[in-house]
Amino acid sequence: MQSDTLSGSSEEPPASSTLNSLKQFHSAGRGFWKDVSESDWNDWKWQLKHRITSVEQLQRYMPSLTPEEYAGATLANQRLALAITPYFFNLIDPADENCPIRWQVIPRIEETHTAPWEMGDPCGEDEHSPVPGLVHRYPDRVLFLVTDRCAAYCRYCTRSRLVSNATGYDFHPEFNKQIDYIRAHPEVRDVLLSGGDPLLFSDEKVEHLLRELRAIPHVEFLRIGTRIPIFLPQRITPALCAMLKKFHPLFVSVHSNHPRELTTEVRDALGRLADAGIQLGNQSVLLRNVNDNAEVMKAHVQKLLMCRVKPYYLYQCDLIAGSAHLRSTVRKGLEIMEQLRGHTTGYAVPQYVIDAPGGGGKVPVNPEYVLSRNGDGVVVRNYEGKIFEYPEGPDGTPAVPAPDRIEEPELV
Ligand code: SF4
């Protein structure tokens, strides 16, 4: 698909006509792979086998690599993870250095610069890991990391220390130990399968894990965190959906950042999951040059609803080593939230969060709508800046005036 030449850069707000075009659904097309048969192109294993994983391949398909990209890509799979599915590669606009898809998946040399406040494990997951591959940071739920592989690698990944083993993390989860831990902890009612990407496993392997977890009586709720529907929609086969629907209640959190990622292929894949009764939520990361623009974000969240996905979280980008060039500011994030709340459907508004650096967990961050509290009530402002007072007693009790006299009900 050709770019709409909209980068999402905060410096250049896009025209509304461009925004309308962002909300249109297009196919990613075939690009360099026109001669591949339909059945191969739609085969997720073919897509994985033909991923772009080296600087040589990148250069062949995209001679317009910038010096920063070229220098970054030469480190592919030594220091930096690199993989892009042919399908997703077709969303890149090679003529636009600021293409928001390009910034998400093509390595840049800036990734080798680490600021003093950046971390390899910014969410402190390793410290909260009672057994390898399991993170127990919140009281009633665990993160079950099943693999270190993804269909493609994001340049700002919170788990870049781990994914693709490019930095020698040596990730070896032992499913029996992870499941034994959950079985032995009755307070765990919610299990999130993530990684890496769990949907890279075969249907049989995903089913085995879900079945083991479902057999634990205190596990009420299962979730899968995946970017596969965005990077590799071909993986969302009818057979996969038929298998997943056996394990309700099952939620799937997808990860999309820009409206151009929501193609007709992605919409169809998400529709298949929704038709299988799976609740879909989206997690986005606020990224400079990608989506740190209120109008781009609005187009994205509205388009997600059209794909039957509830925008769930908008993350302030974690302090991942080498991600400074992609991080936007909290100020910008709050500005964007201000321009969503009240200005569009409430279902379209995600919760903006900062994952507290070092392992404090998710902290919701909101524009200030409560202006003051006094003895008479709470003073609030609405999305238009108008001020209102909600009456409340001084100790926070509801303001209910005592009636002077009690009216006798009239009998009829
Ligand atoms: S898909 Fe998720 S786990 Fe994989 S590289 Fe992207 S952000 Fe990281």
Side-chain angles (χ1 to χ4, degrees), residues 44 47-48 51-53 72-73 75-77 79-85 87-89 91-92 100-108 111 118-123 125-126 129 133-135 143-167 169 171 173 192-201 206 223-236 252-258 261-262 266 269-270 280-288 290-291 309 312-323 326-327 350 353 355 362:
W44 63 280
Q47 289 278 340
L48 284 178
R51 288 182 300 176
I52 294 151
T53 56
L75 300 172
N77 303 316
R79 287 176 62 188
L80 303 176
L82 168 63
I84 311 171
T85 54
Y87 159 83
F88 198 74
F89 184 85
L91 297 180
I92 294 175
I101 307 298
R102 180 172 183 159
W103 277 72
Q104 292 185 61
V105 289
I106 295 190
R108 298 178 66 91
E111 290 178 46
E118 293 180 337
M119 293 168 256
D121 179 16
C123 299
E125 291 181 340
D126 291 346
S129 183
L134 194 109
V135 181
L143 174 61
F144 187 160
L145 302 176
V146 300
T147 174
D148 61 355
R149 303 294 140 149
C150 300
Y153 293 106
C154 311
R155 307 324 312 166
Y156 50 84
C157 177
T158 297
R159 300 200 187 101
S160 54
R161 70 187 186 284
L162 180 157
V163 294
S164 96
N165 204 24
T167 57
Y169 183 87
F171 180 73
L192 168 59
L193 295 174
S194 185
D197 205 312
L199 295 187
L200 272 190
F201 284 171
V206 179
R223 289 188 276 168
I224 296 175
T226 174
R227 211 176 173 194
I228 288 268
I230 310 299
F231 281 149
L232 185 61
Q234 295 81 358
R235 170 67 184 105
I236 310 301
V252 167
S253 290
V254 300
H255 170 179
S256 162
N257 295 315
H258 190 278
E261 291 166 48
L262 302 174
V266 167
L270 293 168
L280 298 169
N282 182 66
Q283 315 198 74
S284 289
V285 182
L286 182 68
L287 296 170
R288 196 164 79 83
V290 173
N291 60 9
V309 179
Y312 176 38
Y313 280 132
L314 170 64
Y315 285 93
Q316 177 63 22
C317 186
D318 293 327
L319 298 173
I320 306 139
S323 65
L326 279 167
R327 285 204 302 276
V353 288
D355 223 321
K362 291 183 193 69

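None of these values were measured; they are calculated from a predicted model. Whatever order the structure lists them in is the order used to number ligands and atoms, beginning at 1. Worth knowing before you read on, the calculation uses all heavy atoms, side chains too, and leaves out hydrogens, waters and symmetry mates.
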Original post:
OG of S194 to CZ of R223: how many Å apart, nearest 0.5 Å?
Top reply: 10.0 Å
**OP:** Mark yes or no for whether T226, through its side chain, and V254, through its backbone, hold a donor-acceptor pair below 3.5 Å.
**Re:** no
Original post:
Near atom 6 (Fe) of ligand 1, which protein N/O/S atoms are found at less than 2.8 Å?
Top reply: C154 SG
Original post:
Under 3.5 Å, side chain of T147 to main-chain N/O of G196, donor-acceptor pair present?
Top reply: no
Subject >> Heavy-atom pair of closest approach, residues D318 and R327 >> reply: O-CD, 3.6 Å
**OP:** Please check if the side chain of Q47 supplies one atom and the backbone of L232 the other of a donor-acceptor pair under 3.5 Å.
**Re:** no
Original post:
With distance as the sole test, does N291 use its side chain to make a donor-acceptor pair with the main-chain N or O of H258 at under 3.5 Å?
Top reply: no
Original post:
Which ligand 1 atoms does G196 reach within 4.0 Å, using its non-hydrogen atoms?
Top reply: 3 (S)
